[in-house]
There are 2 protein chains.
Amino acid sequence: MKIDPDSTVDLSAQIAKAIRDAIIAGDLIVDQRLPSEAELADHFDVSRPTVREALKRLAAQSLIRTQRGATGGAFVNRLRFEDAYAQQVTTSTLLLSMNAVSFDVACEARYALERACAPLSAERRTPDHLATMRAEIHRQEQPGLTDEAFCASDVTFHRALVDGAGNKVLSYQLAGAVEAMQPLMNMITFTARSREEIVALHTDIADAVEAQDATRIDALLVKLEAYTRHLAHSVVAARQSRKDKEKTA
Amino acid sequence: MKIDPDSTVDLSAQIAKAIRDAIIAGDLIVDQRLPSEAELADHFDVSRPTVREALKRLAAQSLIRTQRGATGGAFVNRLRFEDAYAQQVTTSTLLLSMNAVSFDVACEARYALERACAPLSAERRTPDHLATMRAEIHRQEQPGLTDEAFCASDVTFHRALVDGAGNKVLSYQLAGAVEAMQPLMNMITFTARSREEIVALHTDIADAVEAQDATRIDALLVKLEAYTRHLAHSVVAARQSRKDKEKTA
DNA sequence: GACATTAAAATGTAAGACAAATGAAAATTG
DNA sequence: CAATTTTCATTTGTCTTACATTTTAATGTC
């Protein structure tokens with residue numbers, strides 16, 4: 001592991017890259033302890049604060065964890081799915097919120113991915129997944145539910161569908177797409193009528209999943225996507241007309 | 001933005017979280033300049049190195065960028081797709097390399113996702129995408145190609161297929177799945193026979209994409225997935241038998 | 001042998017200093 | 001006056017030193 005002191009790049013960034021590459025290459029294996037900050041500083045010929053900045057960069061990516069005390073230090077972290085989830089959701093949420101992505105594009109991606117795991121879910125879903133879906137449908141039928149709670153329940157429902165595929169990589173990839181859309185979905189005011197419509201579709205989907213009818217799940221997801229986009233467009237249109245009104249007034 | 005000095009959590013982690021939350025909540029908008037390190041240190045009542053560690057954490061997630069000089073400072077970064085790609089690939093690669101995921105699971109996820117965008121790609125692919133696919137097929141036919149180069153070309157080919165869907169979110173999601181598998185694929189020795197087989201399937205896929213035949217693309221991807229898994233299993237089996245031999249010897 | 005004490009090692013944090021980059025204002029020059 | 005150069009203040013990048021805190025291990029005591 002070497003760095004170039006003459007480079008214009010931050011030393012801490014270079015050191016972080018060197019260590020990261022070592023981890024990816026397998027030169028540093030899971031749970032292995034890195035040299036102490038003092039030793040690293042000595043090795044790279046930099047000061048301890050610089051080394052620390054590098055380590056914090058790696059910690060931010062969940063690549064290492066640190067422990068204080070005599071036998072403490074920095075250890076290569078076994079990247080868990082929940083950590084990967086969290087990062088994925090943060091990144092996806094930011095991509096969307098910074099308006100680099102339109103609602104339609106995000107929505108299309110989400111349902112395309114979801115439909116990808118529908119056949120697998122039809123095949124492998126357990127009673128647990130079905131129970132979660134039914135429970136969320138029941139929750140969504142409660143009249144007093146806020147829009148936020150309705151959306152959260154929606155996310156849980158779809159997560160159950162995705163998890164039913166029994167493929168952790170798929171679940172992890174989809175977590176970003178589904179959860180990242182929640183803030184956007186929260187902007188939609190769900191009328192009693194639209195909730196009824198969505199719950200009906202959810203019920204049909206749950207039935208199809210129970211019946212292991214992949215083709216039907218796919219068709220229902222297409223309908224749900226169309227309806228979701230329709231709702232979103234209504235919201236945008238309503239907002240636009242309100243703006244126009246303000247302009248003329 | 002406040003932190004709890006009595007918490008057991010690192011101050012730098014708390015500060016990073018506070019700023020990150022402010023960005024996600026929209027309190028800090030794109031290209032907005034953060035207070036200088038000295039001002040932040042003053043605000044949070046910590047030292048400058050601690051603030052710097054927090055900022056480096058955010059920089060590692062591409063949430064901010066820093067500039068030196070008089071009008072420099074830390075600025076909220078517009079998260080670009082390429083940055084998100086890079087993180088996604090790193091994370092996915094690590095998830096796989098740390099053996100939390102089997103080859104089969106990763107492969108299944110990859111092809112499920114790829115099939116998800118096949119219909120969209122059939123509809124929207126441009127001549128550019130087709131040209132890339134043809135070029136990579138041509139490259140893959142060269143006999144002198146190393147296994148690594150063959151795999152890299154394979155990734156480019158599939159990326160073109162995915163990009164053909166014209167949905168940046170899909171491309172971004174799939175980049176992780178496809179590229180993360182490359183190290184695993186690199187372990188496979190592609191015989192002349194297997195390369196021939198793969199190139200034939202790639203050619204068929206390119207033809208189907210050109211003909212905008214979504215059903216056929218799907219069927220071909222299923223075949224390609226089955227063949228890929230078959231190859232991987234052969235490698236594992238060969239390695240196992242070699243190990244057994246060593247054991248008896 | 002059990003328990004309290006101490007020491008050592010490591011990270012976490014602070015404070016101050018200087019280097020280097022950078023842009024803006026001020027001074028100089030044609 | 002305009003163009004150019006110089007100066008200078010600001011800000012990040014880095015180093016040094018020091019101390020606080022946490023944790024384990026060794027040591028000593030009963």
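So that the names make sense, note that chain A is the first sequence line, chain B the second, and so on, each numbered from 1.
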Backbone N/O of Leu170(B) and side chain of Gln173(B): donor-acceptor pair under 3.5 Å: no
Residues two or more places apart in sequence or in another chain: which of them pass salt bridge (charged side-chain N to carboxylate O under 4.0 Å, His left out) with Arg139(A)? Glu136(A)
Testing the 3.5 Å rule here: is there a donor-acceptor pair between the side chains of Asn186(A) and Glu148(A)? no
Roughly how many Å is it from CZ in Phe75(A) to C1' in dT24(D), rounded to a whole number? 12 Å
Any donor and acceptor pair, going by atom type alone, linking the side chain of Asp10(B) with main-chain N or O of Ser12(B) inside 3.5 Å? no
Whole-Å gap separating C1' (dA14(C)) and CG (Asp42(B)): 14 Å
I'd like to know if Glu114(A) pairs up with Arg110(A) as an ion pair, taking the criterion as any Lys NZ or Arg NE/NH1/NH2 lying under 4.0 Å from an Asp or Glu carboxylate oxygen. yes
From CG of Asp6(B) across to P of dT22(D) the rounded distance in Å is 11 Å
Between the protein and nucleotides 11-14 of chain D, are there any N/O to N/O pairs under 3.5 Å, and if so, what are the atom names and distances?
from, atom 1, to, atom 2, distance (Å)
dT11(D), O4', Gly69(B), O, 3.0
dT12(D), OP2, Glu37(B), N, 3.1
dG13(D), OP1, Asp10(A), OD2, 3.2
dG13(D), OP1, Thr66(B), OG1, 3.2
dG13(D), OP2, Arg52(B), NH1, 2.9
dG13(D), OP2, Arg52(B), NH2, 3.4
dG13(D), OP2, Lys56(B), NZ, 3.0
dG13(D), N7, Arg48(B), NH2, 3.4
dG13(D), O6, Arg48(B), NH2, 2.8
dT14(D), OP1, Leu11(A), N, 2.7
dT14(D), O4, Arg48(B), NH2, 3.0

